[in-house]
Structure formats: C-alpha cells, structure tokens
Amino acid sequence: MKLHRITTAAVAVAATLALALAACGGGSQDASSSGGGGFEAEPAEGGTVQVLQNADFSYLDPARGWDGGVNNFYRLVYRQLTTSAPGSAENPTEIVPDLAESLGEVSDDGLTWTYTLKDGLKFDNGDPITSAEVKFGISRAWDPEIGIGSPYLKQVIDAPEDYEGPYKTGDLPTVETPDEKTIVFHLKEPFPEFDAVLSQVNATPFPEGSGEGDEFIHEIIASGPYKLAEYVPGSTIKLERNENWDAATDEVRAAKPDGWEFTIGLDPATIDERLIAGQGADVNAISGTVQPATLPRLQTPQLQDRTLQLPGICTTYMGLNTTKEPLDDVRVRQAISYAIDRNAIVNASGGTQLGEPSTTILPSSVAGHKDFDLYPSADGTGDVEAAQALLDEAGLSDGFTLTLDIRAQESMQAQGEAVQQALERIGITVELNLIDTATYYETIGTPSQQHDAAITGWCPDWASSAATFIPPLFDGRNIYEKGNSNLAQLDDEDVNTRIDEIKAMTDIDAANVQWGDLDEEIVGLAPVVPLMVAKTVSLPGENVTGLYSSANAATGGIDYVGVGLKDPEKG
C-alpha cells in the first residue's frame, strides 16, 4: 500500500476536509491539495519553519513520549537504526536504514538480528555515536519510570525478566556490541518485522549514563539535523541546525530550513485565523487540522489553492476498563456497543465531511482490515432495544454511572457529550473527566489513574501490518503500571494465544488475514467501542513547500523531514 505525494490535482475540498485526533500515519489513500498552490516547488536552503499548535508536547524524551502529537517533532532531532521512508519516497510505507548501513541481517532461526552502523555519526556535542550508545538508548525502554513510550522493544527483545533498564539494573546482556559499529539483538521469538521495531522513537541512541530521572524533560541530546535552541514549556520550542549532523549519512531528512519554531498554547480558532490571514511569519507556518467552524471559509479559490486533505488512518475508540464493575460483565460492554450513536460522534467532531463511522478496530488503511459490524442499527444511531435487553439480562435495568476520561478540548468534549446522550437512553449516566491534552496519554495509560472509560485514538506504528494495532491494545500480558496501551486491561487467554500464533507467522500477508479475524473476535468481547476514522485538513502558509503525506505513525500528517520554504527571505 502506498501514499502518494501531496499533489496539486483538482480535488473537491468540501468532500474530504477532515479533523485528525492525532498525528499518525500509514495507509493506502491519496493525500492532495485542492488546487495549484505551488506545493511542488523544491524547498530552498534556509529560513525558519513556523509550527502553530494548541497543546505542548508530552515529552521531549523519546523513551517517554510516543503519541502522535510529538512523534513528528522527534523525527527532526533524533535518529534510530532504521526509520520510515520520507513521504517523498517512491514507497513511503517502507522501513529504511537510518543510522545503520542496511536493514538487519537475520539468523536462520529468526532469533538474532545484526546491524552495522554508518561511519561519521555524531551527537550534537560532537561525541561519536557508536554501538554502545545505541544499546544504551534502547535499554532505557525498560526503565519503569522513564520507559513509558512504545512497547515493542520490551515485547520483542529477549531481556531478562527482572531487567529494569541501565540506571537500575545495568547492562542488557541480550543486546551485544562486539565492536563500535556492530550491534546484535536476541529476540524472544522470531519477529519478521523487527526492522520496524527499531524504527520506533524509543530506539534513539544516547550517551551512556545520560538521561536519568528528569534530565531530558527540558533538555535533549540530538542525533538528527536539528538541536534544541530554546524550550519554554507551554510556550515555545526553537530548533537550530545541528552542525555535527552529516547529511552524507542521512538519506531521509532533507533538513532544508535553518531552524524550526513551535508556538504552543494557541487557541485552535486563533491558529485558523492566523493561517487564513497569512501575515508576516505566518506565510511560513504549518499546523494540524483546522477547526470545523473554519471549513466553510476554505471555499474561496485563494484558500483552496493551499488546502491539504490527508487520509484518515487512525481509529478513534472508547476503551472500557474491564477491571471495573459493572464493565467486567461482557453483556454490559456489549450493551454500550449497541447503544453508541456513531453518527452523533461524527457530527460532534464536525460532521460527515470530517470523519466516517467505524465498527472495526483496524481501519481500512491498514493491511488486515476486515469489514464487519457486530452491533448494527438500522440508521447508525444505535440499537437501544438490543442494548436495554443486555442490561436487563445483566441485572442492570435501571442503568448505572460511569466516568469517561476525555481531553480538555472543545471537539473532544463534544464527543464525550455525544456518548453521554447516547447512553442516557439506556439509563447509563456518563460523567466527563477532562484531562489536559499534554498529559492525557500518560494519565489514561496509568491504570491506577484510569477511570471507567476513555476516548482516544490508535494509529499504525508502521504501515504494513495489523501487528501494530491488536497486540498493543489487547495483549493481557503487557498491561503496565505506566505507559499502558491496553486501556481496557483485557487479559483473555484465548486472545493472548491467538496473538502469539499470529505473531509467529512468517507470511505477513497470511498473518494479516488472521489479524482481521481476531479483530472481529475481540470486538465481540467489547473491551473497546470503535467510534470513527477521522481525516485531516490542513492550511499551510503560502511560502511552505516540500509537503508530503506521511505513511507512518511515527510522523503522521505532513512528514516534517521534507518541509521547507520556497523563499527563505520571505516572512
């Protein structure tokens, strides 16, 4: 499956403008602009790209952060052994070498993977990046306080059961560094997509001994083309060139701008107004999706020329905490699944132009997607009668009260209110618990802080496989005290067994068929309620170019690595 360059083909903007819940990627749909906005111009050398955003990043430390809001930023300052191809690539869904000379060499039994580093790799302070630094950075993923980000390293690499990272335990014996350029990984089981695992942001190298505690909360050590010049939490992040980055070692990042400036904490409506006006430095600005109320204003020819439409590839869903009564009863969860009004969720998110209802966990953009609807209703507004019958059977005819965690954003509150109204019809009272966006994922990913339910989204961490959806969300053996992605805390023996069986399959296409079947089995257990697949509309400044759609959730939306300015002196 391939995502194509964001082109200037004439596409009717009103039909596909969309709202994105997270910056994620992957999939097979085209992304396009609506007119001749000059997006094809090659970026010039120099200038500063402006990024306007509402919320701060979760973490600068890639061992902690993992949400779509920060992953694109990481792509500018950090590198890994492998990474996703740039959006401009012939096949942007590919995983390609980054710090490594090539993709991994795998042993016949599939348990050992070997990589060789390129020459001339350095951190922003000039120190060399060797296999020791790569190993150290990766081993941070096991630290119980810091390693709350991507789970794949811990799930796949055969670390000792009691290993807790380099600061608490020390050396990770199952990752070997026989010399400065060679690094060898030993896996628990064969995993044919291990190259993709090493493209995850928490596989970033760091100098040995660095990054303990909160060291990387406000400071970073860069390995990418940019380094941190200034960080005022909740206000500003400025990046400048990393003079120790060697472009000859990096075939992924064009790094045309001299710098990047992120302005944080802006009201979403204010962002839209600034981008529409396009004054001063805002001609060099990009942002996330526009607000629903802005959509009618994008119909003028001038704005259509620079409006970008990107495909929907992330599933928005409501996780139901199966450890809490009465949600530990499958009948109650199924009742909620029947009662949800997906049309109302879409309308709350801005209407039919901004998303489409989803009844599956896997979106159609991910290999392995299977069409099914286990909780149908005639008009898409929910089957109240079927839902009430299940509550009656569970002895809850009068309903109950649950607390729903949502992000403290207007559109997210609207989704929560749509859930309230739908479940009120079967006597379930929903109390909304608003959580700041910057800390939302950490909060709901900490079981001790979880409430009954939470609305969030999930995107593919690499585009080729449903293995990036089902295991992180539903493997009961990977429920962590922090950084937990199994929000439902589902621990079903049959599901766990099926996950193991499918992960062991070496034929990825055949495995994806099985993932689709497992998707249907899991939705039958109703640990989550799929709600919608959202799309994205963005309005970059008229001087911005190099705009390519990302094919990987590590970047999502517009792939930052190709972005630059037509005229560095403008703005």
message = Holding to ring-ring contact (aromatic ring centres under 6.0 Å, His included), I want the full list of residues that pass it with Tyr317, two or more places apart in sequence or in another chain.
response = none
remark   = Across all chains, not counting sequence neighbours, the ring-ring contact (aromatic ring centres under 6.0 Å, His included) partners of Phe262 are Phe57, Phe73
request  = Return the set of residues passing side-chain contact (heavy atoms from CB on, under 4.5 Å) with Pro166 (not counting sequence neighbours), or none when no residue passes.
outcome  = Phe136, Ser139, Arg140, Tyr163
remark   = Taken in chain and number order and not counting sequence neighbours, the residues that satisfy side chain to side chain donor-acceptor pair (under 3.5 Å) with Thr82 are none
remark   = Contacts of Ser287 meeting side-chain contact (heavy atoms from CB on, under 4.5 Å) (sequence neighbours excluded), chain-then-number -> Leu52, Ile271, Leu275
task = Go through the structure and list residues passing side-chain contact (heavy atoms from CB on, under 4.5 Å) with Asp108, not counting sequence neighbours.
result = none
task = Sequence neighbours left out, what passes ring-ring contact (aromatic ring centres under 6.0 Å, His included) with Phe191? Give chain and number order.
result = none
Contacts of type side-chain contact (heavy atoms from CB on, under 4.5 Å), residue Asn478, not counting sequence neighbours = Gln155, Asp475, Tyr480
remark   = Applying side chain to side chain donor-acceptor pair (under 3.5 Å) to Thr439 and not counting sequence neighbours gives none
query = Which residues satisfy the ring-ring contact (aromatic ring centres under 6.0 Å, His included) test with Trp113, sequence neighbours excluded?
reply = Phe194
task = Could you list the residues that satisfy salt bridge (charged side-chain N to carboxylate O under 4.0 Å, His left out) with Glu230, not counting sequence neighbours?
result = Lys238
ask   = Have Tyr152 and Asp461 got a donor and an acceptor in their side chains that come within less than 3.5 Å?
value = yes
Those residues that, when tested against Glu101, pass side chain to side chain donor-acceptor pair (under 3.5 Å) (two or more places apart) = Lys181
